[in-house]
Amino acid sequence: MTTTPPPWPGDPLPERELELAAADRAVDALCRTRPEGGLLVYSGVAGIGKTSVLARVRARAAERCTVRTTRADPGTTAVPFHTARALFAPDLADTDGLAALLGPHRALAGPALGLTTPGEEPADPQGVQDALVALTARAARRHRARPLVLVLDDAHWADGESLGWLAALGPRLARLPLLLVVAHRPTEHAAEESRPHLDALGTAARLRVTLRALSPEAAAGLTRRALGTGADDALGRALWDATGGSPYELAELLARLREHPLDPGADQASAVRELAATVRGHRLADRLGGLGPDAARLAWAAAVLGAGIPLRLAASLAGLSPGRQATATGELRAARVLNPGDTVDFTHPLVAGAVYDAVPRSLRTTFHGRAAWLLTAEGHSPAAAARHLLEVHPDQDPALVEQLRRAAREHLAVGAPDAARRCLERALREPPEHHLRAHVHHELGCAALLTSPADTVRHLRTALELPGLDDTLRADATFRLAQALAHNQQMREASLSVAFAAATTEPGPERLRLQAAHFMYDAFRATEDDGPGRSRRLAQLADPLAGETNAERALLTLRAFDGMLRGENHTVVAEFCERALTDGRPAPGLGWTDTVWGFEYPCLAGITYAWIDELDRAEELFGEAVRAYEISGWSGGHLAFAHMLTGAVLRRRGRLAEAESRLRESLRLADRIGTGLPVHWDAVCLLVDTLLARGRTADAQRLAEARGFGPPYPDAMILPDAPSVHGRLLLALGRTDEAVAALEAASAMAERGRHNPVWAPWRRDLAGALATRDPERARALTRRLRVDAERFGTPTALGMALGCEAALAPAGAAPALHARAVAHLEESPARDELARARVALGLATGDRDQLHRGLLLARTCGADALAEQARSALA
């Protein structure tokens with residue numbers, strides 16, 4: 001038995017010197033005293049020699065490095081994390097070092113790599129990806145003596161989850177003792193969801209090379225090397241004409257010509273063209289016909305099962321006895337269809353593809369169906385068999401639907417929602433039995449929640465229109481529908497969906513859950529039909545509650561949040577928060593990672609505390625959120641939101657530099673999952689506000705322009721009030737007319753009954769803008785600001801109101817007002833506001849001590865422009 005020989009055994013690869021030299025340089029950099037990692041990407045059409053180049057790269061690197069290699073296969077494109085498992089197989093088999101390799105991410109990376117049983121709850125895809133990146137870094141550090149080189153061939157067939165991991169790893173490679181070498185066909189040959197990942201790898205690569213066809217001169221040289229010096233240039237040219245310089249086809253033709261030389265009297269060009277036709281497309285598969293039915297059937301079964309599956313299973317699928325399998329296997333190896341070994345291993349992907357395409361269509365479907373059950377009988381999970389079920393013709397098979405649903409649950413549990421979606425979409429085409437269709441749509445909607453809000457909305461609406469869901473599932477479907485709508489900036493639709501469901505649900509826990517969601521999404525809307533009326537209805541429902549159930553606690557949380565926005569006395573608001581929490585913490589079932597009620601309720605409790613000057617309580621809650629998400633591996637939108645909230649607390653404290661850092665981290669995390677999400681608006685708004693407080697107006701302007709911060713705003717409330725912040729930005733830029741218009745628009749907060757002067761300080765800024773052009777209006781604004789602040793009662797609100805009044809007061813009255821502002825702000829956690837008040841008092845009275853104390857505090861806060869103002873006054 002023979003295998004396909006390498007095109008040029010033992011000799012340098014012709015016309016690949018530059019590509020291999022680049023790999024040598026990358027390996028040299030990796031093996032330095034201070035290793036430098038990197039990424040090499042080779043691309044080219046099928047048969048262009050990518051595998052030969054990678055084989056040489058592996059051989060050269062193996063002399064000094066630890067090399068891990070795998071080749072993706074069309075049969076495993078739909079198997080999540082298959083490529084990641086294959087690349088790390090030797091390390092994962094090392095039981096002694098496995099615990100250290102997995103590290104703190106065992107609960108996330110373990111199921112994805114097939115090491116531990118998945119949990120029942122869906123895993124966060126971003127968290128799993130981050131866990132694999134961290135695992136790779138640990139693996140690289142373990143192999144410092146012989147640095148780690150990862151080699152992936154045919155990456156266009158790798159599963160999307162593994163490609164996502166490699167794409168995330170790419171930008172970090174320069175800082176790791178790790179070299180990644182990837183080869184793939186042009187991206188148009190990859191699955192649609194894989195193309196962005198391949199493009200990202202190309203962008204991160206230190207070298208990206210497109211392999212070209214060999215020249216006629218190279219073809220002539222190869223011909224002489226393979227057939228002897230007697231082979232003339234005319235034969236080499238004929239071979240080049242027939243193959244277009246494809247290294248694979250050249251190697252195949254030369255191997256055949258060694259075994260069956262051309263008749264010296266034949267027309268060489270015609271004979272070569274005829275021979276070349278047999279090594280590509282359907283003619284390549286025609287070779288099987290001459291090998292007999294057993295060999296053809298075994299090859300077909302192997303092509304359906306895919307690389308790496310034991311040949312005995314292929315023989316079982318083909319219906320061959322052990323003796324007939326041995327004979328057929330020998331024939332396929334002699335014909336250079338299969339390589340030696342106990343598992344399926346075609347000599348080239350072109351061969352595998354041609355054989356698969358040659359399987360009669362009806363038999364291919366039958367083989368896929370039998371392959372799924374065969375793998376299940378062998379003990380493989382439903383997820384492993386699911387890729388075959390995706391290829392089976394719909395036939396109203398309840399067992400197939402159930403297997404696909406189980407596979408989808410397993411995919412979700414390892415952080416592969418796209419794979420789960422494919423299974424459930426296929427289950428719908430079966431279709432499911434009538435009473436189960438709503439359930440499958442519900443599961444499909446939940447599977448798409450993190451990746452496609454639009455698909456979630458479509459499937460959940462269908463589920464709610466169909467019979468089959470009990471009250472609990474209907475409430476859950478409605479709640480998740482509202483979440484998806486809100487995620488898609490459709491707050492009005494989110495509110496209406498839960499309102500309708502609440503009105504048609506019998507009294508009980510599910511109805512209270514829906515009522516709470518209705519109040520919440522109405523509160524989140526930027527433009528509400530009847531804000532004061534909603535607040536009254538919420539107060540009537542929530543005020544008598546003691547907080548004994550989670551439904552009551554949710555309503556009390558909303559009541560506290562609404563009271564904070566309306567500017568009710570802060571002690572009353574704090575009392576509602578206390579009733580909503582259990583010993584100061586979210587009750588079981590209402591925590592940060594609980595999915596039934598959602599993370600919004602503990603968020604609202606913390607936000608309420610942050611704006612009633614209870615910043616220690618807010619910081620405790622948000623710190624718990626960050627820990628909970630990091631421990632659970634929720635490193636997508638939830639963690640981005642937690643960092644944004646922590647940044648909000650730091651901003652409220654006046655720790656401006658720390659706030660800026662935390663808010664930028666929030667934006668970085670949010671950018672990984674998309675753009676235009678609510679967390680983007682919140683983080684950008686807070687960051688613009690923070691930069692203005694630091695006096696970095698140009699930076700704030702650049703950020704606002706780059707992120708599109710400004711009207712029109714989404715129909716979702718932004719943290720804090722976006723029109724107020726935008727108006728302040730315009731004032732800082734000297735665009736007073738535009739600022740006045742923006743701040744007048746912010747007055748809509750008051751029309752909705754929201755009078756918190758700290759959340760929406762538009763009156764303070766508008767009064768300052770109108771001080772000279774309309775002093776009477778400015779004084780009216782400060783009087784109303786003072787009323788709102790006294791009603792709210794926090795030291796921050798009182799100090800800000802008095803400071804605004806002092807700025808517009810006659811020279812004789814201003815010092816006393818500034819002094820009272822300082823006295824209140826000394827009791828406030830907002831250190832930057834105190835610094836501003838001290839500098840204002842020092843400027844009004846000439847008190848150098850106040851200026852000096854204001855200067856020191858401004859420097860501590862990171863309020864650079866304020867510090868410079870105080871320093872100049874002292875100078």
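Reckoned from all heavy atoms, side chains included, excluding hydrogens, waters and symmetry mates. Just so you know, these numbers come straight off a predicted model, no measurement behind them.
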Task: Atom pair CG/CG of L389 and L404 - distance to nearest 0.5 Å - done: 5.0 Å
- [ ] Please round to the nearest 0.5 Å and tell me the distance separating atom CG of L163 and atom NE2 of H197.
- [x] 6.5 Å
Task: Pair H393-T365, side-chain donor/acceptor within less than 3.5 Å - done: yes
Open item on the list: I'd like to check P431 versus Q396 (side-chain heavy atoms, cut-off strictly below 4.5 Å). Are they in contact?
Closed with: yes
Open item on the list: Taking the side chain as everything from C-beta on, heavy atoms only, tell me whether S162 gets closer than 4.5 Å to D159.
Closed with: yes
TODO: Identify whether the distance between the nearest side-chain nitrogen and carboxylate oxygen of D476 and R480 falls below 4.0 Å.
DONE: yes
TODO: Show your working on side chain to side chain donor-acceptor pair (under 3.5 Å) between N488 and Q490 and close with a plain yes or no.
DONE: CA-CA 6 Å; N488 212 33; Q490 295 174 272; 3.1 Å; yes
Open item on the list: For a quick check under 3.5 Å, do E410 and S381 share a side-chain donor-acceptor pair by atom type?
Closed with: yes
Open item on the list: Between D562 and R537, does any NZ, NE, NH1 or NH2 come within less than 4.0 Å of an OD or OE carboxylate oxygen?
Closed with: no
Open item on the list: Is any side-chain heavy atom of H439 closer than 4.5 Å to one of L473?
Closed with: yes
- [ ] Return the set of residues passing side-chain contact (heavy atoms from CB on, under 4.5 Å) with A560 (not counting sequence neighbours), or none when no residue passes.
- [x] V573, F576, C577, T608
Open item on the list: Within the 3.5 Å criterion, strictly below it, is a donor on Q403 or T376 matched to an acceptor on the partner's side chain?
Closed with: yes
Open item on the list: Side chains of C423 and H411, heavy atoms from C-beta outward: is any pair under 4.5 Å?
Closed with: yes
TODO: Look at the side chain of Q129 and the backbone N and O of P125, then say whether any donor-acceptor pair between them is shorter than 3.5 Å.
DONE: no
TODO: Any chance you could measure R513, atom CZ, to T505, atom OG1, to the nearest 0.5 Å?
DONE: 11.0 Å
- [ ] Please answer whether the main-chain N or O of S362 pairs with a side-chain N or O of T366 as donor and acceptor at a distance below 3.5 Å.
- [x] yes
Open item on the list: I'd like to check the side-chain contact (heavy atoms from CB on, under 4.5 Å) partners of A301; sequence neighbours left out, ordered by chain and number.
Closed with: A314, L317, A318, F367
Task: Sidechain-backbone polar pair: R406 side chain, P382 backbone, donor-acceptor under 3.5 Å - done: no
Open item on the list: Looking at E506, I want to see if its CD is surrounded by more than 12 non-hydrogen atoms of other residues, nucleotides or ligands under 6.0 Å.
Closed with: no
TODO: Kindly determine whether R422 and E193 satisfy salt bridge (Lys or Arg N to Asp or Glu O under 4.0 Å), including the steps that lead there.
DONE: CA-CA 12 Å; R422 289 192 294 269; E193 58 267 25; 3.4 Å; yes
Task: Whether S495 side chain and M491 backbone form a donor-acceptor pair below 3.5 Å - done: no
TODO: Answer whether the closest heavy-atom distance between the side chains of E430 and D395 falls below 4.5 Å.
DONE: yes
Open item on the list: Taking the side chain as everything from C-beta on, heavy atoms only, tell me whether W157 gets closer than 4.5 Å to T77.
Closed with: yes
- [ ] Show your working on side-chain contact (heavy atoms from CB on, under 4.5 Å) between L558 and Y601 and close with a plain yes or no.
- [x] CA-CA 8 Å; L558 291 166; Y601 294 102; 3.9 Å; yes
Task: P602 and F622, any side-chain heavy atoms less than 4.5 Å apart - done: no
- [ ] Answer yes or no: is there a donor N or O on one side and an acceptor on the other, between the side chain of S194 and the main chain of H156, under 3.5 Å?
- [x] no
Task: Sub-6.0 Å ring centroid separation between F641 and Y629 - done: no
Task: Aromatic F519 / basic R534 pairing, under 6.0 angstrom, 45° off normal - done: no
Task: Gap between atom OG1 of T557 and atom CD1 of I607 - 0.5 Å precision - done: 11.5 Å
Task: Backbone N/O of V596 and side chain of D594: donor-acceptor pair under 3.5 Å - done: no
Open item on the list: Is it the case that the side chain of R579 and the backbone of D543 share a donor-acceptor pair, with hydrogens and angles ignored and the cut-off at 3.5 Å?
Closed with: yes
- [ ] Could you check whether the rings of Y713 and W681 sit parallel, tilted or perpendicular, using 30° and 60° as the cut-offs?
- [x] perpendicular
TODO: Examine distances only and state if a side-chain atom of E552 and a backbone atom of G547 form a donor-acceptor pair shorter than 3.5 Å.
DONE: yes
Task: More than 12 heavy atoms from other groups under 6.0 Å of CZ on R585 - done: no
TODO: Count the heavy atoms belonging to other residues, nucleotides or ligands that lie under 6.0 Å from CZ of R364, then report whether that count exceeds 12.
DONE: yes
TODO: Look only at the side chain of D682 and the backbone of L719, and say whether a donor-acceptor pair between them is shorter than 3.5 Å.
DONE: yes
Open item on the list: Please determine whether a side-chain nitrogen of the Lys or Arg among D455 and R458 lies less than 4.0 Å from a carboxylate oxygen of the Asp or Glu.
Closed with: yes
Task: Ionic contact status for E402 with R405, cut-off 4.0 Å - done: yes
Open item on the list: Can you list everything that forms a side-chain contact (heavy atoms from CB on, under 4.5 Å) with I631? Sequence neighbours excluded, please.
Closed with: none
- [ ] Starting at CG of L581, measure out to CG of L590 and round the result to the nearest 0.5 Å.
- [x] 9.0 Å
Open item on the list: Could you check whether E121 pairs with R409 (Lys NZ or Arg NE/NH1/NH2 to Asp/Glu carboxylate O, under 4.0 Å)?
Closed with: no
Task: Check: G445 main-chain N/O paired with T456 side-chain donor or acceptor under 3.5 Å - done: yes
Task: Side chains of P586 and L621 in contact at under 4.5 Å (non-hydrogen atoms) - done: yes
- [ ] Rounded to the nearest 0.5 Å, what's the gap from CZ on F88 to CG on L132? Could you check?
- [x] 8.0 Å
Task: Derivation and outcome, side chain to side chain donor-acceptor pair (under 3.5 Å), residues H680 and D671 - done: CA-CA 8 Å; H680 282 98; D671 283 343; 2.9 Å; yes
